[in-house]
Structures are given as structure tokens and as C-alpha cells.
> 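First the structure, which I've put down as C-alpha cells, then a few questions once you've had a look.
By convention in this document, chain letters (A, B, ...) are assigned in the order of the sequence lines, proteins followed by strands, and residues within each chain are numbered from 1.
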2 protein chains.
Amino acid sequence: MTDGHELAIALRAAYLALHRRSEAAFAALGVTADQFVLLATLDRGDALTQRELSRRMSSDPSTVRAMLVLLEQRGLVGRAPHPTDARARTVALTADGKRAFQRLWAAGEPIRAQMLGALRPDEASALVSLLARVARGLSAESASAPATSHSPEDDV
Amino acid sequence: MTDGHELAIALRAAYLALHRRSEAAFAALGVTADQFVLLATLDRGDALTQRELSRRMSSDPSTVRAMLVLLEQRGLVGRAPHPTDARARTVALTADGKRAFQRLWAAGEPIRAQMLGALRPDEASALVSLLARVARGLSAESASAPATSHSPEDDV
DNA sequence: TATTGTTATACTCTATAACTATA
DNA sequence: TATAGTTATAGAGTATAACAATA
């Protein structure tokens with residue numbers, strides 16, 4: 001019989017294993033695992049507001065800002081005024097950032113291959129789906145979930 | 001088709017959701033999510049060496065030490081000389097620590113219930129198994145894994 | 001020689017609260 | 001009134017390297 005604690009510990013162990021391997025793989029390029037996630041999110045959704053970026057990364061906006069400051073100093077990302085909302089700023093990869101991300105993506109390839117190699121294709125797909133349900137179950141409910149807030153357009 | 005990046009992001013999102021809910025649930029009791037994991041590990045395997053504790057938590061020994069110092073200051077854990085290995089120290093919950101853990105365990109119950117509530121029993125069990133395979137795939141291999149080191153007996 | 005644990009150190013992520021500017 | 005972002009601040013976890021004591 002599987003209890004919740006066992007599931008929590010298994011989830012933690014798998015994530016930490018992934019995180020450590022990622023830190024090691026990206027360290028030579030001077031980027032942390034979380035910074036890689038940020039860059040990858042930008043690569044897929046250019047250009048996002050900081051708020052939308054933080055939502056997609058499931059990180060706090062002020063955490064994301066701290067990360068952006070570091071990445072901006074290194075010239076990997078740039079921020080520009082939002083075209084229609086003067087409060088907001090859009091974030092995007094710079095040319096340097098795009099080149100760096102290509103190298104990072106390649107450096108992460110063995111990790112992705114290793115994860116997939118431990119699973120059959122149908123298992124990988126099932127795992128993603130189960131994880132999504134767990135995540136959804138954990139964030140919503142429990143307090144008759146408040147409606148998601150309105151925000152300026154994500155992509156510009 | 002499920003790619004490795006998608007899996008990595010889903011794993012991260014699920015873990016972070018769990019971590020945040022845990023931080024919130026345990027904050028009123030003055031304990032972090034990671035400290036809860038440490039206490040739970042001790043509750044199940046009294047008394048461990050620091051090294052074995054760090055292994056079971058998949059954390060770095062020096063990280064675990066930093067956590068132990070904090071928990072020892074608050075009287076939740078105690079360290080004693082190892083009975084047969086003078087280099088090692090065993091860690092265990094104090095009486096206060098055991099009482100605190102009981103409250104923490106109760107505070108975490110809604111989280112465990114919510115995770116399990118999102119899954120059928122067979123799915124929960126399958127998820128644990130898939131996560132374990134991913135974790136194993138990520139830590140071993142890749143460099144013809146070195147043998148695990150020998151260590152003094154885990155339990156005293 | 002290898003291992004347990006300690007110490008010193010540094011950095012990233014994390015998050016809260018108070019604040020400004022804009023919607 | 002609510003939202004986007006900034007600032008200040010604090011703390012936790014993370015990890016490396018050098019070291020002592022012991023196996």
C-alpha cells in the first residue's frame with residue numbers, strides 16, 4: 001500500500017537527483033539549474049512579463065527578479081518596456097543568451113536521455129501526466145481555489 | 001511524444017508544489033520542509049550516523065550538519081558518540097523532537113491526502129515506482145557507477 | 001589510506017513587507 | 001482598488017576545500 005509520505009519522498013529524491021545532475025552539467029558554463037529553467041522558459045516563450053515568467057517557472061516574482069538581475073549582468077537576458085502596459089516589462093534572451101542556451105541545451109542532453117532511458121515511451125508519458133495531476137491537486141483545492149488573476153497579455 | 005525536457009519540467013513543478021505546501025503547513029510550527037524530511041528520516045531510522053542520514057535524505061553531509069546544528073539548538077535532535085566507531089556520531093530525535101514530529105506529521109496529513117486524492121491507489125504505486133526508476137537512472141550509470149562506499153552500521 | 005565529521009566560506013534561491021507607478 | 005515591479009532584508013539550503021581524528 002502506497003502512502004502519501006512514501007510518494008513525497010520518492011518525488012523529492014527524483015527531483016533532487018535531477019537537480020544535482022543539472023547543476024553539475026551546467027556548472028562548466030557558469031549557469032545554475034534554476035537559471036537554465038528560466039532561460040529555457042524564455043527560449044520557448046519570448047517575450048514574457050516577469051510575472052508570467054515566474055508563473056511558468058512556478059517561482060516567486062521576487063525570486064525571479066533576483067535571478068534576472070544576475071542573468072542581465074551577464075548579458076544573457078534583457079528587459080524592455082511592455083508595449084501596452086507601462087507597469088510591466090518584458091524579458092527576452094539576448095543574442096548572447098540564445099547562443100549560451102544552445103550550449104546549455106546540448107550539455108543537458110545526456111540528462112534528458114538518461115531519464116527517458118529509464119522508461120518506456122508510454123511510461124514517460126504516463127509519468128508526466130501523473131506528475132501534472134499531483135501538482136494540480138497540491139496547488140488547487142483545499143480552500144475552494146480562488147480564481148486566477150487577470151494579467152496583461154503574456155506574449156507581446 | 002514525451003521529451004525529456006517536458007518530463008524534467010513536470011517533475012520540477014510537482015516537487016515545487018509539494019515543497020511550497022509543506023513550507024506553509026510547517027511554518028506555524030517553526031520548521032521548514034527540509035527539516036521535516038530530516039526529522040521524519042530520524043523518526044523511521046533511529047539512530048543514524050550523519051553520513052547515513054545525509055544519504056537517506058539525498059543531501060550533502062555538510063548540508064545535513066548545518067541543518068542539525070539548527071535543530072539541535074532548538075532541542076529537537078541530539079547527537080551522541082557512535083558505540084563502535086569513534087569517528088562517527090549518531091543522531092536521534094529528543095523527547096521534544098518526537099513530540100514536535102507528531103504535531104508536524106498531523107500538520108502534513110492534508111498534503112499527503114491531497115496528493116493521494118489526485119490518484120487512484122494503483123496510480124500512486126505506479127508513480128512511486130516510476131520516480132524511483134528515474135532517480136536511479138539519473139544517479140547511476142553514465143560513468144560505470146563506482147561501487148557504493150562501505151560505512152559503519154547504519155542503525156545502532 | 002580512506003572515512004567521519006568539523007570548520008570556514010560563499011552563493012543561489014527563497015520569500016515577506018513596504019514602496020512606487022500604473023491600470 | 002488591484003496589479004507590475006522594485007527595494008531591503010533575512011534565512012535556508014547548497015556545496016567545496018582544508019583540516020582533525022579515527023579506522
> Select base, sugar-phosphate, or nothing to describe what Glu23(A) touches, counting heavy atoms under 4.0 Å on all strands.
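It contacts nothing in the nucleic acid.
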> Nearest-Å distance, CZ (Arg12(A)) to P (dT14(D))?
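My rounded result for the distance is 7 Å.
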> What is the distance, to the nearest angstrom, from the CZ atom on Arg55(B) to the P atom on dT4(C)?
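Atom CZ in Arg55(B) sits about 12 Å away from atom P in dT4(C).
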> Listed by chain and number, what are the side chain to side chain contact (heavy atoms under 4.5 Å, CB included) partners of Pro61(B), not counting sequence neighbours?
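For Pro61(B), the residues satisfying side chain to side chain contact (heavy atoms under 4.5 Å, CB included) (neighbours in sequence not counted) are Arg51(B), Ser54(B).
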> Provide, to the nearest angstrom, the distance between the CZ atom belonging to Arg20(B) and the C1' atom belonging to dA15(C).
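About 9 Å, once rounded to whole Å.
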> Could you work out, with side-chain hydrogen bond (donor to acceptor under 3.5 Å, both in side chains) as the rule, every residue matching Arg20(B), not counting sequence neighbours?
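Partners of Arg20(B) by the side-chain hydrogen bond (donor to acceptor under 3.5 Å, both in side chains) criterion come out as none, since no residue qualifies.
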> Measuring from Thr94(A):OG1 to Leu42(A):CG, what's the distance to the nearest 0.5 Å?
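The CG atom of Leu42(A) is 10.0 Å from OG1 of Thr94(A), to the nearest 0.5 Å.
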> Given dC13(C), is OP1 or OP2 found less than 4.0 Å from the side-chain N or O atoms of Ser59(A)?
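So the side chain of Ser59(A) is outside the cut-off, no N or O lying under 4.0 Å from OP1 or OP2 of dC13(C).
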> Can you tell me if Arg89(B) uses its side chain to pair, donor with acceptor, with the backbone of Pro81(B) under 3.5 Å?
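The answer is no, because no donor-acceptor pair under 3.5 Å joins these two groups.
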> Starting at atom CD of Gln35(A), determine the distance to atom C1' of dC11(C), rounded to an integer number of angstrom.
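The answer, rounded to whole Å, is 11 Å.
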> Can you check whether Arg51(A) has a side-chain N or O nearer than 4.0 Å to OP1 or OP2 of dA4(D)?
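Checking dA4(D) against Arg51(A), a side-chain N or O does come within under 4.0 Å of OP1 or OP2.
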> Going by number, which of residues 68-81 of chain B have a non-hydrogen atom under 4.0 Å from DNA chain C?
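Residues of residues 68-81 of chain B under 4.0 Å from DNA chain C: Arg79(B).
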> With sequence neighbours left out, write down each residue that passes side-chain hydrogen bond (donor to acceptor under 3.5 Å, both in side chains) with Thr63(A), or none if nothing qualifies.
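So Thr63(A) forms no side-chain hydrogen bond (donor to acceptor under 3.5 Å, both in side chains) with any residue.
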> Can you give each donor-acceptor pair under 3.5 Å made by side-chain atoms of residues 22-32 of chain A, sequence neighbours left out, with the distance rounded to 0.1 Å?
unit_1	atom_1	unit_2	atom_2	d
Ser22(A)	OG	Leu18(A)	O	2.7
Thr32(A)	OG1	Gln35(A)	N	3.0

> Keeping to residues at least two apart or across chains, list the ring pair (Phe, Tyr, Trp, His ring centres under 6.0 Å) pairs with something in residues 111-132 of chain A.
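Pairs touching residues 111-132 of chain A that pass the test: none.
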> Mind listing the N/O atom pairs, protein and nucleotides 16-23 of chain C, below 3.5 Å?
unit_1	atom_1	unit_2	atom_2	d
dT16(C)	O4	Ser62(A)	OG	3.1
dA23(C)	OP1	Ala86(A)	N	3.2

> List, one per line, each side-chain donor-acceptor pair under 3.5 Å for residues 101-109 of chain B, sequence neighbours excluded.
unit_1	atom_1	unit_2	atom_2	d
Glu109(B)	OE1	Arg112(B)	NH2	3.0

> If you look only at pairs with a residue in residues 119-131 of chain B, which of them pass as a salt bridge (charged side-chain N to carboxylate O under 4.0 Å, His left out), with sequence neighbours excluded?
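The answer is Arg133(A)-Glu123(B), Arg120(B)-Asp122(B), Arg120(B)-Glu123(B).
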> Could you tell me the separation between the CG atom of Leu53(A) and the P atom of dC13(C), rounded to a whole number of Å?
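The distance from CG of Leu53(A) to P of dC13(C) comes to 13 Å, rounded to the nearest Å.
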> Could you tell me how far apart Arg65(B) (CZ) and dT7(C) (P) are, to the nearest whole angstrom?
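Atom CZ in Arg65(B) sits about 5 Å away from atom P in dT7(C).
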> Just grab all the side chain to side chain donor-acceptor pair (under 3.5 Å) pairs involving residues 64-79 of chain B, residues at least two apart or on different chains.
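Sorted result for residues 64-79 of chain B: Gln50(B)-Arg79(B), Glu72(B)-Arg79(B).
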> Could you tell me whether Arg89(A) contacts a base, only the sugar-phosphate backbone, or nothing, with contacts defined as non-hydrogen atoms closer than 4.0 Å?
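Sugar-phosphate, no base atom in range.
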> Return a table of donor-acceptor pairs under 3.5 angstrom between the side chains of residues 7-14 of chain A and protein atoms on other chains or two or more places apart.
unit_1	atom_1	unit_2	atom_2	d
Arg12(A)	NH1	Met57(B)	O	2.7
Arg12(A)	NH2	Asp34(B)	OD1	3.0

> Expressed as a whole number of angstroms, how long is the span from Leu38(A):CG to dT12(C):P?
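Computing the Leu38(A):CG to dT12(C):P distance gives 14 Å.
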> Take atom NE2 of His19(B) and atom P of dA12(D), then tell me their distance rounded to the nearest Å.
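Result: 13 Å.
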> Would Leu127(A) and Thr2(B) count as a side chain to side chain contact (heavy atoms under 4.5 Å, CB included) if you check the C-alpha gap in whole Å, the side-chain angles of each, and the deciding distance to 0.1 Å?
CA-CA 10 Å; Leu127(A) 178 51; Thr2(B) 304; over 6 Å; no
> To the nearest 10 degrees, what angle separates the axes at the start and end of the helix from dT1(C)-dA23(D) to dA23(C)-dT1(D), five pairs each?
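Nearest ten degrees gives 20° for this helix.
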